[in-house]
Protein chains: 2
Amino acid sequence: MQSFKEENYLKAIYQLKIGDQKEVVTITDIAVQLGLKTPTVLEKIKSMAIKKLISYDKISGVQLTKNGFDVAVNIVRRHRIWETYLYKELKFSWSEVHEIAEQLEHVNSAKLIEKIYAILGYPKFDPHGDPIPDLKGVLPKSERRPLSKSVEGCKLLILGVSEHSDSFLNYLSEKHIGLNDRFVIEKIDGFDESLMLISKSKERCLVSAKAAKFIQVACLKENCACKASGGTTKA
Amino acid sequence: MQSFKEENYLKAIYQLKIGDQKEVVTITDIAVQLGLKTPTVLEKIKSMAIKKLISYDKISGVQLTKNGFDVAVNIVRRHRIWETYLYKELKFSWSEVHEIAEQLEHVNSAKLIEKIYAILGYPKFDPHGDPIPDLKGVLPKSERRPLSKSVEGCKLLILGVSEHSDSFLNYLSEKHIGLNDRFVIEKIDGFDESLMLISKSKERCLVSAKAAKFIQVACLKENCACKASGGTTKA
DNA sequence: TATTAAAATTAGGTATACCTAATAATAAAA
DNA sequence: TTTTATTATTAGGTATACCTAATTTTAATA
């Protein structure tokens, strides 16, 4: 409960690497993620490198060691299990769980987390659809990915969102995009990458590239071209 | 979640004042309670006095302001509700709950704590028998008190312990003192304040003054002299 | 009351986690 | 390839939370 800071650094690095699939994680990336300045981050990164939680050089950026990876996985795992518990067992709403889980993830008791995980029946995904890693960091397979990684012709099922601001949620309801809705991608604009979706009832709606990043979907079309590139989820 | 330190100071002061019934709480008291040195504590006390969480002068020692009291009550309340939840709902053992609750008490979500309190059915006491204060800090009435505050002739029911070390628990089992056992106080030694207990089956056992502080009991004898002095519980 | 013991306070030091401003190094673009 | 951005790094400063050692104050006791 005192390694708070370090846990948050490790989680941030994990999310940038695994979630956002960044090849190289930079000091600036971490600073942006945590809302800090680069000298602050650099200083901490150096001290964590001495502790062998990460490695750092300019070519490969910041990388988690085995040790650091284990800590990071644990935090992400706890976060997602708590989110699920809050949602399923304690009946919190979708939008409330993240903030509370952000605190609960730092509570250090393996027994506690395994107990609530057992009560939940060992789910593989949290209420946002994010995968729950096992203790070794292995993620369950998921078809889930952001809408932005689509191609024309994708047959999509809306699974969730990875952004919870009012303005974004309003945007979605104005466009009549809801959980479990289905759409086909009619056209992706060559210039701004906006997507024209078409529903079963032939309603069309245009989604900006920015919004598409935060809408989580699965493509139901077998062997769709969208499945060629590797898509994963984020926290 | 960053006011950790302050929350722990306020809790310590609350426990010294309300739990141990100290008239005057000193810098040294707090230092002992938190395992810190007096200059460290003094420095922090000064800064918290500026923030109006406490007041401090040499005559009346450290005192909680309305503000500081509210924070302290909240922490204690959360701690005891979590202990109850861990014990009753998540089936942790008596001895495990304290350490985990120590962390969970700092999770800041009124809604979370009220939800789990509701699930528990609004109990008035935690599994150690400690009273759960309401949001205003009002404690439920309890007959519970340490064995050390007994007089000769008390008819006692063992309710619990406020110390969980192996050595202490072994001490109790050697003396055949267990939960819900009943004893009468045959004699309190005038010199070392050790207590001679006598069970229904006429077995005698001698309990030292030190051990008596950590054994929680209720006196079943009406109008017993032990009830004259005000006795309360501690965390 | 003088002495001793205990508690509080002051002084000064360390480590951590932040920051700004300035400079150096690297990558991108003209 | 030179210029321009972007990143990284260094230097130096602040605040917090700790510490030890020394001193002062207060309380207890002889």
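First the proteins, then the strands, lettered A, B, ... as listed; each starts at 1.
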Handout entry: Heavy-atom check, side chain of A:Arg145 versus side chain of A:Cys219, under 4.5 Å
Key =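 In contact.
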For [X] and [N], what is the distance between atoms [atom1] and [atom2] respectively, to the nearest whole Å?
X: B:Phe4; N: D:dT16; atom1: CZ; atom2: P; value: 19 Å
X: B:Leu34; N: D:dA17; atom1: CG; atom2: P; value: 13 Å
X: A:Ile27; N: D:dT10; atom1: CD1; atom2: C1'; value: 14 Å
X: B:Glu6; N: D:dA15; atom1: CD; atom2: C1'; value: 13 Å
X: B:Ile30; N: D:dA17; atom1: CD1; atom2: C1'; value: 16 Å

For [X] and [Y], which I'm curious about, is there any donor-acceptor pair between the side chains at under 3.5 Å?
X: A:Asn170; Y: A:Ser167; answer: no
X: A:Gln63; Y: A:Thr65; answer: no
X: B:Asp192; Y: B:Ser194; answer: yes

Practice task
Could you check whether the rings of A:Phe214 and A:Phe168 sit parallel, tilted or perpendicular, using 30° and 60° as the cut-offs?
Solution key: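 If you compare the ring of A:Phe214 with that of A:Phe168, the planes turn out perpendicular.
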Handout entry: Residue closer to the 5' end of DNA chain C, A:Lys58 versus A:Gly35 (nearest nucleotide)
Key =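 On the 5' side of the pair lies A:Gly35.
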Problem - Among D:dC18, C:dA17, C:dA7, the nucleotide that comes nearest once only the side chain of B:Tyr9 is considered - result: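 That would be D:dC18.
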Handout entry: D:dT9 phosphate, OP1 or OP2, under 4.0 Å from A:Tyr56 side-chain N/O
Key =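 For A:Tyr56, the contact criterion (side-chain N or O under 4.0 Å from OP1 or OP2 of D:dT9) is met.
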Exercise for the section: In plain terms, say whether B:Arg77 and B:Glu114 are close enough for a salt bridge, that is, a side-chain N and a carboxylate O under 4.0 Å apart. Expected result: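 Judged by the 4.0 Å cut-off on N to carboxylate O distance, B:Arg77 and B:Glu114 do form a salt bridge.
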Handout entry: Neighbours of DNA chain D within residues 36-49 of chain A, by heavy-atom distance under 4.0 Å
Key =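 Output list: A:Thr38, A:Pro39, A:Leu42, A:Lys46.
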